[in-house]
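Structure, as structure tokens:
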Amino acid sequence: GTGTPLLQVSNVEVIYNSVILVLKGVSLAVPKGGITALLGGNGAGKSTTLKSISNLLRSERGEVTKGRITYRGEQIYGLNPSDLVSRGVIQVMEGRHCFEHLTVEENLMTGSYTRKASRGDIDADLEMVYTYFPRLKERRRSQAGYTSGGEQQMLAIGRALMSRPETILLDEPSMGLAPQLVEEIFNIVKSLNEEQGATFLLAEQNTNVALRFAHYGYILESGRVVMDGPAADLRENPDVKEFYLGMS
Ligand code: ATP
């Protein structure tokens with residue numbers, strides 16, 4: 001058997017503004033060491049699912065009204081983001097959110113959450129991030145606000161890595177990026193998964209690229225999982241081909 005998944009979302013319902021039912025009982029399982037993709041069109045509920053895990057709904061007047069979310073078998077719903085980080089879970093939000101007036105390296109350092117990290121530990125983590133993102137090393141003294149969209153996406157992931165996470169929730173990494181950069185980002189995700197053992201749950205509208213890099217996928221439509229399976233099977237599925245892959 002495969003045992004308990006690292007992260008499990010069971011029958012989760014989310015309501016915004018006390019009235020708008022957006023997730024209608026979503027269940028998914030994220031195995032340790034995997035890349036799991038959450039797919040679906042605009043407004044399907046991908047971001048909401050990630051935010052229900054990372055507890056970022058409250059600031060948007062959203063609430064989990066049903067279901068369970070567990071990490072290593074323990075209920076995590078309601079933990080604040082820093083408690084989640086100390087358990088090994090971090091979310092990289094859609095839209096990047098760097099500190100524009102800080103340098104690239106200063107931005108990365110804001111990600112070393114653990115108070116007890118020594119300067120030596122932080123330097124080692126910076127080197128690890130620069131190994132995966134050589135572009136960030138080249139740009140380390142630049143003000144983040146002046147870097148490109150692709151570099152800011154790299155910075156957002158790099159900053160998350162500074163907390164040495166076990167699981168990274170990645171919202172729409174391809175958003176607004178040229179195809180070649182999307183490919184570059186996904187290749188780095190793959191290396192981090194294979195070499196560092198990082199577990200990923202990523203939300204993507206770009207089904208094509210996501211199913212090439214992920215191991216398993218869930219397709220959301222109007223707040224429900226309508227299909228799931230190994231990425232290789234989904235790529236060959238006629239409905240997925242017609243509705244999600246065939247358009248480009
Ligand atoms: P996208 O790629 O556009 O972000 P998504 O699949 O991530 O799509 P969500 O952002 O989770 O979708 O949105 C799901 C639904 O919830 C949409 O209909 C959206 O309009 C609605 N929604 C999202 N945030 C809020 C909010 N703060 N208040 C009310 N409705 C919201």
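Order of appearance sets the numbers: ligands from 1, and atoms from 1 within every ligand. Here the structure is a predicted model, which means the values were calculated and not measured.
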What protein heavy atom is closest to [atom], reported as residue, atom name and distance in Å?
{"atom": "atom 19 (C) of ligand 1", "value": "G43 CA, 4.9 Å"}
{"atom": "atom 12 (O) of ligand 1", "value": "G45 N, 3.2 Å"}
{"atom": "atom 3 (O) of ligand 1", "value": "N42 OD1, 2.5 Å"}
{"atom": "atom 30 (N) of ligand 1", "value": "Y16 CD1, 3.5 Å"}

Does any N or O in the side chain of [X] come within less than 3.5 Å of the main-chain N or O of [Y], such that one atom is a donor and the other an acceptor?
{"X": "E204", "Y": "S174", "answer": "yes"}
{"X": "S10", "Y": "G67", "answer": "no"}
{"X": "E13", "Y": "L21", "answer": "no"}
{"X": "R235", "Y": "L211", "answer": "yes"}
{"X": "K46", "Y": "G40", "answer": "yes"}

Number the atoms of ligand 1 from 1 as they appear, then name those within less than 4.0 Å of a heavy atom of [X], with their elements.
{"X": "S47", "result": "4 (O), 5 (P), 7 (O), 10 (O), 11 (O)"}
{"X": "A44", "result": "5 (P), 6 (O), 12 (O)"}
{"X": "Q205", "result": "2 (O)"}
{"X": "G41", "result": "6 (O)"}
{"X": "K46", "result": "2 (O), 5 (P), 6 (O), 7 (O), 8 (O), 11 (O), 12 (O)"}

Legend entry - Salt bridge E105-K137, side-chain N to carboxylate O under 4.0 Å: no
Could you name the option among [options] that has the heavy atom nearest to [atom]?
{"atom": "atom 21 (C) of ligand 1", "options": "I15, I20, V19, V22", "answer": "V22"}
{"atom": "atom 27 (N) of ligand 1", "options": "E172, K51, E60", "answer": "E60"}
{"atom": "atom 11 (O) of ligand 1", "options": "T48, D171, L50, L57", "answer": "T48"}

Inset, instruction - Answer with side chain, backbone, both or neither: which part of N17 has a heavy atom less than 4.0 angstrom from an atom of ligand 1? - result: side chain
Legend entry - Per-atom contact, atom 8 (O) of ligand 1, protein heavy atoms, under 4.0 angstrom: yes
Inset, instruction - Answer yes or no for atom 14 (C) of ligand 1: protein heavy atom present at a distance under 4.0 Å? - result: yes
Inset, instruction - Verify whether one side chain among T48 and Y16 offers a donor that lies under 3.5 Å from an acceptor in the other. - result: yes
Legend entry - ligand 1 contacted by G40 (non-hydrogen, < 4.0 Å): no
Inset, instruction - State whether the number of non-hydrogen atoms from other residues, nucleotides or ligands found under 6.0 Å of Q75 atom CD is greater than 12. - result: yes
Inset, instruction - With side chain to side chain donor-acceptor pair (under 3.5 Å) as the test, would you mind laying out the steps for T70 and Q8 before giving the verdict? - result: CA-CA 5 Å; T70 60; Q8 190 147 29; 4.6 Å; no
Inset, instruction - Give yes if a backbone or side-chain nitrogen or oxygen of T49 is under 3.5 Å from a nitrogen or oxygen of ligand 1, and no if not. - result: no
Inset, instruction - Apply side-chain contact (heavy atoms from CB on, under 4.5 Å) to T49 and V12, showing your working. - result: CA-CA 8 Å; T49 304; V12 162; over 6 Å; no
Legend entry - Derivation of the salt bridge (Lys or Arg N to Asp or Glu O under 4.0 Å) call for D83 and R87: CA-CA 6 Å; D83 287 336; R87 289 186 191 217; over 6 Å; no
